[in-house]
Protein chains: 2
Amino acid sequence: MDRIALYPACPVDLSSKSEYALLALLELSPHYASGEPLQIRQIASQQNIPDRYLEQLLATLRRAGLVKSQRGARGGYLLARDPWKITLYDVVSCIEGFEPQADPTQVSNTPEAQVIQGVWGEVRQAAEGVLHKYTLQDMVEKRNAQQQVDIMYYI
Amino acid sequence: MDRIALYPACPVDLSSKSEYALLALLELSPHYASGEPLQIRQIASQQNIPDRYLEQLLATLRRAGLVKSQRGARGGYLLARDPWKITLYDVVSCIEGFEPQADPTQVSNTPEAQVIQGVWGEVRQAAEGVLHKYTLQDMVEKRNAQQQVDIMYYI
DNA sequence: TTATACTCCGGTTCTCCACTGGGGTTTGCA
DNA sequence: TGCAAACCCCAGTGGAGAACCGGAGTATAA
């Protein structure tokens, strides 16, 4: 079964990789306090993510130091630090593989190019600003609030 | 020769299509007043863009109503309206093929998905806000200012 | 009429995304 | 000690899109 897009083709093209990673971390957040690891299978079935694919994403998140893994029987994944100390930027940048910055010497330097660089940089900063603003904890709280709204509509 | 990126892999991934299109329109802007068309070849060689590729982009811009074309000998392209009446959003959205919006019924509606949609939308709006802010005329003026700076450094 | 330009169509190479699969290694527990 | 449950690593695949190239056709100024 193919996935349903959260959001259609976007100027800011946050791929489903980022969505999946975020969903997984949202799933892990409530378990941070207890220290109990969660298994890939559980996360995958809960959020409807292909498990073998999620495995790769979690490996990336682990290498970036956002989650820890517990090998062997009864192992799994858990958040490496408090959910309010992980921003969406942390998640997206490591999954999407943001480069640090442009090396100005490697870049075209006609006046036109420099002007476009400036604006492109502004767009980038605007987008990153939003991602810097939210932590995993914020997202969890938003989700809980949303859940209340959904229940109200259901009644 | 392969192109040199204006900006490295960007969260907001504005492809070289957008860059090329913008460069071309920047080239056309000063000729708007005179009404003299500019040929693909001239634009391409001036801005170092593969001409056959630029041709496709200009065709897209024409279909979007941003430029007009004059066929036959001494033909070429010219801006369809004043450079201060064309925003960067106009350019990027038609080149990048932005969709109008998400169809909410087509979209996952778990609480998690809705929350992520919300944030993704914020990121999108932040990025688009910057693109809405600038017109071609602004870019031309920025370029001229930049040119002055370059000359100062050169001396 | 002819050279010059755009127009339309197709193909090509490359990279990335979104997966899938096949091994291997570590670890808790009976 | 053995074994199954979990992570770990590597490799490949299919499709889509980016970034081109090329050719045949069409309009138009001179």
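What you see is a predicted model; the values in this text were computed from it and never measured.
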For this session: Show the numbers, then the answer: is there a side chain to side chain contact (heavy atoms under 4.5 Å, CB included) between B:V92 and B:E128?
Result: CA-CA 10 Å; B:V92 173; B:E128 289 183 357; over 6 Å; no
Problem set entry | Touch class at under 4.0 angstrom, heavy-atom based, for A:R74 against every strand present | sugar-phosphate
Seminar exercise, completed: Paired with A:Q47, the side chain to side chain donor-acceptor pair (under 3.5 Å) test is passed by just one of A:E27, A:Q42, A:E19, namely A:E27
Problem set entry | Whole-Å gap separating P (C:dA18) and CG (A:L23) | 13 Å
For this session: First locate atom OG of A:S93, then atom CG of A:L66, and finally report the distance between them rounded to the nearest 0.5 Å.
Result: 8.0 Å
Problem set entry | Rounded distance in Å - OH (A:Y20) to C1' (C:dC19) | 9 Å
For this session: Report yes if some heavy atom in the side chain of A:Y32 is under 4.5 Å from a heavy atom in the side chain of A:L28; otherwise report no.
Result: no
For this session: Provide the full list of salt bridge (charged side-chain N to carboxylate O under 4.0 Å, His left out) pairs with a residue in residues 140-154 of chain A, sequence neighbours left out, each pair given once.
Result: A:R143-B:E112
For this session: Take B:S18 and B:V91, measure what side chain to side chain contact (heavy atoms under 4.5 Å, CB included) needs, and give me the verdict at the end.
Result: CA-CA 7 Å; B:S18 294; B:V91 180; over 6 Å; no
Problem set entry | Side-chain donor/acceptor of B:R71 to base of D:dT26, under 3.5 Å | yes
Problem set entry | CD1 on B:I43 to CG on B:L57, rounded to 0.5 Å | 11.0 Å
For this session: To the nearest Å, give me how far apart CD (A:E55) and P (D:dA11) are.
Result: 15 Å
Enumerate all atom pairs, one protein N or O and one N or O from nucleotides 12-17 of chain C, separated by less than 3.5 Å.
none

For this session: Could you check which residues of residues 57-70 of chain B get a heavy atom under 4.0 Å from DNA chain D? Sort them by number, please.
Result: B:Q70
For this session: Could you list all the salt bridge (charged side-chain N to carboxylate O under 4.0 Å, His left out) pairs where at least one residue sits in residues 52-70 of chain B, not counting sequence neighbours?
Result: B:R52-B:E55
Exercise. Hey, which of these two, A:P50 or B:Y77, hits DNA chain C nearer its 5' end, going by closest nucleotide?
Worked result: B:Y77
Seminar exercise, completed: Rounded to whole Å, the CZ-C1' distance (B:R52 to D:dA24) equals 11 Å
For this session: Using atom CG of A:D51 as one end and atom P of C:dC19 as the other, report the distance to the nearest whole Å.
Result: 11 Å
Problem set entry | Of the listed nucleotides C:dT20, C:dC8, C:dG10, the one nearest the side chain of A:Q56 | C:dT20
For this session: Kindly assign one of parallel, tilted or perpendicular to the pair B:Y53 and B:Y20, based on the angle between their ring planes and the thresholds 30° and 60°.
Result: perpendicular
Problem set entry | Gap between atom CD1 of B:I49 and atom CG of B:L54 - 0.5 Å precision | 5.0 Å
Exercise. What is the distance, rounded to the nearest whole Å, between atom CG of B:L54 and atom P of D:dA18?
Worked result: 16 Å
Exercise. Residues two or more places apart in sequence or in another chain: which of them pass side chain to side chain donor-acceptor pair (under 3.5 Å) with B:R81?
Worked result: B:D90
Seminar exercise, completed: Within residues 26-43 of chain B, those residues having any heavy atom closer than 4.0 Å to DNA chain D are none
